[in-house]
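Reading through the structure tokens given below for one structure.
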Amino acid sequence: MNKTETLTRTPEMLRPTTKDLAKEAGVSRATVDRVLNGREGVKQKTVDRVNEAIEKLGFVRNIQAANLARSQKYRFVFALPRSGDQFLEEIIRHIEEAGTTFAEDLVWCDVHQIDENDPHSISAFLATLNSDKVSGVAIMAPESPQVRDAIFRLQERGVAALPFISDQTTANDHWVGMNNHSAGATAANLIGRFSGSATGSVMVIAESMLSRDSLERRLGFDEELNTFFPNLKALPSLETYGSMDRAHEIISSAVSNNRDLIGLYVMSSEARPPLMTLKELQGPKELITIAHERTPFTEAELRAGRLDGIIAQNSGHLVRSAVRKLKATIDKRKAKGSQEKIRVEVILRTNL
């Protein structure tokens, strides 16, 4: 090489290797390999030395290369509710896309639909899964002792388990979904600002208040409304249980009994039953309406002026984040928090 030439070292050349780890820890490369793959037969003191070397050198394992070498495949199941409408269809579509998106990572995704109102049957289904059948499960189900215990038992059997959209108390940050408290507060803020100085009541509709996402949205909604918009009064939550007949019955009763109604907040992910009911009833024409999730129906309602705003979480991001988090759990590494944060999106007619 000419003396005047400068050797440029690329990031790949600077990245520490298993050879560097072995030298730093004072062990063989075979020992490093056993530690990295979690194999038995290595003394704890040796494991600690290798981990210290990893920390000191900033070693990042090439997971994809390691998986290819040992033919590691990821088999993920999304346990989703049987009842659902357009939002669920969007989720399933993105799960099907994930098979192509993550094909190079040897990821396979499937959907199994569960009865979200029967925690015992959900628990029974999860009990049939083990690490020979699946690598991980993303579970969209209301919180219950049965589901919570089933998730713990899955993890004990070596299956990665991840609450999906519907959170579980014990999950902490290990779940995929938006901050529902913030989502509810955002809905209250929009209704409050759109209403101006008008005084009246706001109808709040959910599929079921047994789900943690509905509870958190309601708490956020009430906190924001009571603090900043004392001119508005939130009515008790109405539960449709996903039934069009029930939605018609309870909404028509609420409309007739609350003549000062000026706002509607649909907390459930499926806005079609309550909004179609209101259209049939020909309720208050100036009703300020905020709903959840971007679907073909809510988009059409927004364009038609029958919906004022949508509080949304990107369904494609939800699925991709679930796959990445499950994969990270299996690979014994931490998913990037900034990449996996599901934003609370506000969609108006003007930014569709």
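- Side-chain atoms of Ser237 and Arg218 form a donor-acceptor pair, as typed in the model, at a separation below 3.5 Å.
- Residues Asp245 and Ser243 have side chains that never bring a donor and an acceptor to within less than 3.5 angstrom of each other.
- Proximity of a side-chain donor or acceptor of Asp118 to a complementary backbone N or O of Ser121 within less than 3.5 Å is detected.
- Put simply, the side chain of Val266 does not reach to within 4.5 Å of the side chain of Val204, judged on heavy atoms.
- The pair Arg272-Glu301 does not meet the salt-bridge criterion, since no charged nitrogen lies less than 4.0 angstrom from a carboxylate oxygen.
- Tested against Arg294, the residues Glu345, Glu299, Glu90 include a single side chain to side chain donor-acceptor pair (under 3.5 Å) partner, Glu299.
- Aromatic ring pairs are classed by plane angle as parallel below 30°, tilted from 30° to 60° and perpendicular above 60°; the pair Tyr265 and His292 is tilted.
- Without hydrogens or angle criteria, Thr298 side chain to Glu293 main chain gives a donor-acceptor distance under 3.5 Å.
- His112 and Phe125 have their aromatic ring centers within a separation under 6.0 angstrom.
- Formation of a donor-acceptor pair under 3.5 Å by the Arg349 side chain with backbone atoms of Arg303 is not found in this model.
- A salt bridge is absent between Glu340 and Lys325: the closest approach of a Lys/Arg side-chain nitrogen to an acidic carboxylate oxygen does not fall below 4.0 angstrom.
- Checked by atom type, the side-chain pair Asn130/Arg157 shows no donor-acceptor distance below 3.5 Å.
- Counted by atom type alone, Thr295 and Gln86 present one or more donor-acceptor pairs between their side chains at under 3.5 Å.
- When only modelled atom types and interatomic distance are considered, Thr199 and Asn231 share no side-chain donor-acceptor pair under 3.5 Å.
- Listed for the Asn351 side chain is no donor-acceptor partner under 3.5 Å among the backbone atoms of Ile347.
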